[in-house]
Structure formats: C-alpha cells, structure tokens
Amino acid sequence: MDMIIPGSAQDLCDAVADALREGARLEIRGGGSKAAFGAPRDARIVSMAAMAGVIDYDPAELVLTVRAGTPLADVEALVAGEQQMLAFEPFDHGPLFGAPAGAATIGGVVAAGVAGSRRVTAGGARDHLLGFTAVSGRGETFVAGARVVKNVTGYDLPKLMAGSWGRIGAMTELTLKVLPRPRMAVTVAIEGLDCCAAHAAMARALGSHADVSAAAHVPKGPDRARAITLFRLAGFPPSVEARAAVLPVLLADHGALRRLDTTEAAALWHTAGAAAGLAGAVLWRLHLPPAAAPGAVAALEPFGPRWSLDWGGGLVWLALDDETPAAAEQVRAAAAAAEGEAMLVRAPASLRAVVPAQHPRAPLVAALEERVRRAFDPAGVFEIGRFEIARSGG
Amino acid sequence: MSILMPDPDQAVLARRAGIAEALRGIVPGEGVIDDPDALRPYESDGLTAYRQPPMLVVLPETVEQVSAVLRWCHAEGVKVVPRGSGTSLSGGALPLADAVLLGMGKFKRVLAIDYDDRVAVVQPGVTNLAITQTVEERGFYYAPDPSSQIACSIGGNVAENAGGVHCLKYGLTTNNVLGVELVLMDGEIVRLGGRHLDPCGLDLLGVIVGSEGLLGVVTEVTVRILPKPESARAVLVGFPDPESAGACVAQVIAEGIIPAGMEMMDRTAIHAAEAFVNVGYPLDVGALLIVEVDGPAAECDYLIEEIARIAGANGAVTSRTSTDERERMAFWAGRKAAFPAVGRISPDYYCMDGTIPRRRLPEVLRRMEQLSVDYGLGVANVFHAGDGNLHPLILYDANKPGELERAEAFGNDILRLCVEVGGVLTGEHGVGIEKRDLMPVMFSETDLQQQQRVKCAFDPKLLLNPGKVFPTLHRCAELGRMHVHAGQVPFPELPRF
C-alpha cells in the first residue's frame, strides 16, 4: 500500500502539496489500531509513527505537549510516573479488531474522540485537548488553542479537532491537560439488576454525594451468572471510605453492595468501557440520554445482542451476529428513537461499504459541517470516503 | 480609546427608518427600539470605556422571530450584534453604529429539568445563577460561576465560554454544555449536541462555545447540572510575598490536590478589599491565598490539613480555616468584592485577563511592577492561582487626559508579557474588541486566517458581530482562494464557498 512517513511538519506539508497536485487523498494514521473503522477505502496513507516523543511536560502545570505519533501506552506510562493521568481514560481499539494492543497513538485517540468510563464525570478527549499544531488541507501549518489550562483566545479549534478523525487536518503536536491520579480507587458492585434497575441505581449514584467517578453495568451472559452494576469511587483514602459508606444506604433498595478486588474490577471496567469480550461480527456504540438506554436495549432484544452499559447508561456497547443492513437500520432507528446516536465500530467490509460508521446528521447540520471541513480542507484532500458511503468509490 | 471599529455603512444608516419598519413586521409592538433615548442603555457592555448607541435594538421573543430577523438582515446586508445581559468585559456586545442589536433578554424560561440525566434545558436569557436557583431545592447546581453570575445570561456564557473561581475543578462553560439550538445568520435553525455525550461528526458545539457571538445566535442551551457538594471549607493563608504563595500553589497541585477554588491577592488588593468589606484579612502580608475544598466532610477535613501543612512548608505567616459557612463566605466576600473595592481606591480601573504558566509568576509580577513604575499607574492583582489566570487591575483616572490611553497601553504590555512567557491573551473574558488588535501577538497570519475561514463557514457575508475578535477583516472569497495548479481545482465535485 502507498504509505508516506513524514518526519516533520514540513514533510507533512509537502505530502499534502503532493496530494493536491496529484489528486490523491490522504488518510492520516496514528498506529492503525482503528484502520478497520469506517467504509473500505483506498487512500494514500500518511503514517504519523515517525513524529513521536514528548516536547514538554511540567506536572505542576498540569500540561503535557507531545507529538501526535507518540504511542498512547508511552504517554500513559509517562504521566503515571508523575502520579498523573489522562482523565478522559482513552483506550486502545486494536483488540476490538482482533489486533494486539499497543499500536494506538495519542494523536489517534484524540482525533477519534476516544474516552473511557471516566468520561461521564471527567469529560472526553475534547475537554482535555488544550491546543495543537496541525497541517491543514491547504498544506499549511497552523496552531490553535494554547499550552495553558485556561484559555478562551480565539475560536476553540481544539474542540473541532478532537473527534474529527483526521478530516480537518493532521495534528503534529498536541497539548493536553493532565490531572492527578487518584490516590485510591475502589469498585463496589450490586449483582442481579436488570437493565432498568441498573440505570436507576447508576442515575441515583451519579446524582448523589457519593461522587462516583464512573458507573457501568454488565448483564449476565455465558460466562457470567448474574448481572453486575459497577460504581467506581476514587480520590484520597478518607474521602473514598466516606463515600463508600454512603452508597449502601443510598442504594439499599437495589441490593447489597460488595467491594470487588482489583483484578475482577479491572476486567469488568474493560468490558463496560472498552467492549472487551463482547463477541460478535458487528459492534455498535450507542450514545444516548442515559435514561433512554433501557428502552433502546429492549428494542434491540430480538437480535440477541451482547451488550454492556457505561457512562451511567449514556454509552451502550452492543455486539450482534446479524451482518445485514436491515439489522443495522434497526440499531440506528433504536438510537434515534432514544434521541441519541449509533456508531458502527466493527463490521465486515461488506456492511461497512453500505452502512455509514457515523450516525447521520440532520441535513442542515451536515451541510454546515461540510462547510466547516472545507474551511480547513478546501480541496477535500482528507475526504477519503471513510464516513460517506456515496463517495466510497471516489 | 485606541480600538477603532469599522466605518459605518452610510447607505445602511440612510435606510434606518425603513429597516425599523421591516423589523416591526417581524417583532411587533415594543420589540423594536429606535428612539435615541431608549437606545442609550444599550450603548456599552461591561467594557464601559467604549460606548456606541446601536442603530436599532430588536428584542425577539421566539426562535421564529430570531430566525426571521436574521434572515431579513442577511438578505438586506444589515449587520447584527447579539447581546445577552451585556456584562462582557471585553466589548463582545459593544453595538455598532450601523448594526441591529439583537437583545436576547426575553428568552427567560427554564424549559426542562431532568434530574435522572442531570441536565437542564434553558433559554439563553436565563441568568447563570437562576439555573442553580432552579435546581438547588433538589440538591443540584450549575458549576461555572463567573463573578457576574447574578446578572450574566447563560447565552452570554456560551458565547464567551465563561469561567469562574471553580473552573479548575469543574471546568469552563464549554465543559458543562451538552447542546444548543442555534440560528445562523441566514436564518437557518440548527441543533447541535443534545442530552447525550460525544455526538458523531465535527464538534460544532465546541466551536460555538466561546465564539463571541460571531457564528450564530443561541436560542436554547442544554447544560449539565451536578449534585451540590456535601460540604465546603476554605483556608485563608498569608504569605510574605507572591513567590512563596505561588510555590504553595504549585506544591498543592503537585501533591495531587485539585481544590475547588484557589485564589491569590496581592498587597494592594488585600488592603482595598479589607477596607471595603472588613472580613479580617491580614494586612501585613505580601500575598493572600484562599483555598477552598469541597466534597464529603471527611475529604474536606483531610485536604484542609494537607493544605495547611503545604502552606507551612512554603513559609505561610498566617493561616485561618473556616469553621462554618458564615466564615467561609466571609473569606470569599473580600475576593468577590475585589473589583468594586479597587474601584474605591481609584477613580477607574481596567481589568486584565491573561493566563500564564504558573511557574513564570514571580517573573511576570516583577516585570508588571516595573511596567507600573514606567507607566506611572498603580496595579492591584487578583488571580485564579490554580490555573494561572491573572486579573491585574490597572488603576487610572479617566478624567485625567491621557490616562485611559496609558492604562490601555499598560494593559497591552501585560498581555504581551503573558504571551511571551508561554501564556495567552485571555483566560475567560474573551477577545471582543479589547484584545482584538493583540491577536497577532499570539497567532500568526496563517493561524488567524484559518480561524476566519471557520467564521466564513457560518457567516460568509460577515454580518454577525463584525469588528470583534479579528484585527483584520478579510472577505471570505479572498480567504477561500487556493493555490491552484495548472488551472485545475482538485476534486471538483466537492461543494465550496
């Protein structure tokens, strides 16, 4: 496959200029952990792998500046060494596509807006990208945002860039807000709740003084005799213990709580937050108003899905064996009925060729979004057909 | 006053009566104001050094009216300046002589509250504090708390990405808004975001928040509400100088504590505040820190002890911990009254808003002192110490010829200094007109043009709040130009503007 590996922002500008001249389109790739996401396409790959490394990290300022191709695992190890963390809890998509973990890059997880269980209370990638340097579809290097935690100077382009999937530019450097890692984290759980009760328990916990940092639910399944609803309490030990004492009272009518050991807890959070172990050819994630989650899951029950809830119900992971477009339509309809959205994460190429990965936007919003993309990429050099079915051949 | 606004369009001014009549056809009754005396209350916002009565004021009551007003103005080439409560400190709502001022004050309804999903849906004219007041009976609140929260509207907060003293822990407006309904300059109504997190597609909501009224007019806002912390405690610590206070702040954060608020005041600000509110601030210290923690009582007790220990290790000379709510509020009373308090020791003051990396604080304060000597104007410092957001208050007397201009020049030098040490022009007040001409200090022409192209995607005729944020107005056609090779535009099937 055609692949370019720029070593500098200038190389990247040259790659864009070449593509403009030659009529080629560019797929910006971090580690390729999400390469199987979106419609099949045949674009020229620009690998960011050679643009890696830390530029500046001052833990007391809560700010980290890093090159886009730096492996996520390296960034996490670096900040963990200073008792800090990426609060949006990004995760590696590789295993979801049958690849080993380790390929994900910091640029990739931010560009894809990847956030884990803590998203519900700590914010997403969008909330932690303070600034960036990028190369636009005009082949120009530009910066936006800044390297301080509080800034409103100019448009908040980092918000646009986070979750843009490489469609408005190729980030070369990212400045991220980092936060202290909690000194203690415990997971307490209730077993045996159905989806409705689990949502109710999570909503009550998230709306309480227990200050849970994450709440998730894994139903019973082939390898799990009873459903389990998880609550994470994190912070300084006296605070965690005080809040751990609040939860059993708060949730007394839902059942008894037990504290999980760290291994069991980690595996369950991995399932709820990153769909680990949700087998099925087709994997969806539904972003919903949390209270709508039980209804959406019930509506899709006929497909016999494997599923889990995170973000207090605001995220439903849903794995199906049914590879037909008709089933996909049902998932989209259930998400829309819940006033939410459905994203197709994993599917055979045949399905990805006909079902767009992202939930369709209202026509006026789609048109506005297209105008904004053209503002960064007037010639469409980053329009590789990953998200727009009609153009997948172009 | 050194900021120049674009020359008014005489052809539009000549049509004033006809424009008023047409807009009365959309917003009947008293919703269109054209009497010169009645326009006067709208002539400035919180940046009161700048005044300009608008051509007309329109006060719509429905989204349909907003849409029709914008559509009509778009078709007729009439500029529009949106306004919430008019508390902007950067001139974001400063009227233009040839523009319609679109006041959103009649959008005052709370539309829905959902405690299960922890969201409130409100109209943009609802005040920041009113959201909290609406949900507090159920133990919830809306976290961002700009000092003007009693008056400022949530629509204005969205436009300015307002912050407040608690935003180190709880985020700015942008981190607490889930969705908006927005009317574009051509009258189109779009909904961005909703009650769910991380919608598919470009985060257009993210760029609307903080866009200073240049991209669209917000007609509905969905915000996150949070359970009110069980308790809060504050500690008031005096240091011999700002350097040791700054070292304390750095160590608090380095030890993993993110306080709910962490505010610093310098000697001038301490004295002004104490004289104004008499809350018992120590007067023989060089810097005062207020550190507030919130959460379960056990957490507050633990953190207050930790913070007292860290303060002691960094040379604190006085320390008082709040024992009840009354005392905690008293600690804050001085800080919250710092601006009016400074207003008592100086006929006028000019509030700056830069952010710096905290580690550069001693150097920045030293150089600011030198600038103060050079300009012959006093300065009082209050700042959000946790996130490095400085609010130097420059003391001047507008009645003395040349002092306002000197204060502005002093302020500009402070902001250049903030950028020079790795910081930014504005941490929470916005660029508006105030810092517009300094934008090139922080951004290259390429960077600014890229931002302006986003403006063009929303408002290609540049009719919405022109003259703000960007120092140079480029026509969108000019910005859209690309270097074209061999006369061929690549991918001709893609739409362009």
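In what follows, chains are A, B, ... by sequence order, proteins preceding strands, each numbered from 1.
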Measure distances from [X] to the heavy atoms of chain A and classify the residue's part below 4.5 Å as side chain, backbone, both or neither.
{"X": "Leu184(B)", "answer": "side chain"}
{"X": "Leu303(B)", "answer": "side chain"}
{"X": "Glu212(B)", "answer": "side chain"}
{"X": "Leu448(B)", "answer": "neither"}
{"X": "Arg118(B)", "answer": "side chain"}
{"X": "Phe470(B)", "answer": "side chain"}
{"X": "Leu172(B)", "answer": "side chain"}
{"X": "Lys435(B)", "answer": "neither"}

From [X] atom [atom1] to [Y] atom [atom2], the distance as rounded to the nearest 0.5 Å:
{"X": "Glu61(A)", "Y": "Arg359(B)", "atom1": "CD", "atom2": "CZ", "result": "5.0 Å"}
{"X": "Asn389(B)", "Y": "Lys150(A)", "atom1": "CG", "atom2": "NZ", "result": "4.0 Å"}
{"X": "Gln451(B)", "Y": "Thr153(A)", "atom1": "CD", "atom2": "OG1", "result": "9.0 Å"}
{"X": "Lys228(B)", "Y": "His209(A)", "atom1": "NZ", "atom2": "NE2", "result": "8.0 Å"}
{"X": "Cys200(B)", "Y": "Gln358(A)", "atom1": "SG", "atom2": "CD", "result": "5.0 Å"}
{"X": "Glu369(A)", "Y": "Leu202(B)", "atom1": "CD", "atom2": "CG", "result": "4.0 Å"}

Problem set entry | Ring centroid separation Phe458(B) to Tyr155(A) under 6.0 Å |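 For Phe458(B) and Tyr155(A), the ring centres are not under 6.0 Å apart.
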
Exercise. Counting heavy atoms not belonging to Glu305(B), are there more than 12 under 6.0 Å from its CD?
Worked result: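 Open: at most 12 neighbouring heavy atoms sit under 6.0 Å from CD of Glu305(B).
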
Exercise. So, Glu339(A) and His196(B): side-chain donor and acceptor under 3.5 Å apart, yes or no?
Worked result: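 Absent: no donor and acceptor within the cut-off.
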
Exercise. Tell me, side chain or backbone of Val120(A) under 4.5 Å from chain B's heavy atoms, or both, or neither?
Worked result: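 For Val120(A), backbone and side chain are both near chain B.
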
For this session: Check whether Ser164(A) gets within reach of chain B through its side chain, its backbone, both or neither, counting any heavy atom under 4.5 Å.
Result: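 Both parts, backbone and side chain.
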
Write down the atom of [X], the atom of [Y], and the distance for their closest heavy-atom approach.
{"X": "Thr141(A)", "Y": "Asp447(B)", "answer": "O-OD1, 4.4 Å"}
{"X": "Ala146(A)", "Y": "Val424(B)", "answer": "CB-CG1, 3.2 Å"}
{"X": "Pro227(B)", "Y": "Leu206(A)", "answer": "CG-O, 3.7 Å"}
{"X": "Glu299(B)", "Y": "Arg243(A)", "answer": "OE1-NE, 4.2 Å"}
{"X": "Thr174(B)", "Y": "Lys159(A)", "answer": "OG1-CE, 3.2 Å"}
{"X": "Val431(B)", "Y": "Gly154(A)", "answer": "CG2-N, 3.8 Å"}

For this session: Would you please test Asp203(B) and Arg126(A) for salt bridge (Lys or Arg N to Asp or Glu O under 4.0 Å) and show each step?
Result: CA-CA 8 Å; Asp203(B) 187 357; Arg126(A) 74 187 292 275; 2.6 Å; yes

For this session: Give a yes or no on whether the backbone of Ala375(A) and the side-chain of Gln450(B) come within a donor-acceptor separation of less than 3.5 Å.
Result: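 Yes, the answer is positive, given that a donor and an acceptor are paired below the 3.5 Å cut-off.
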
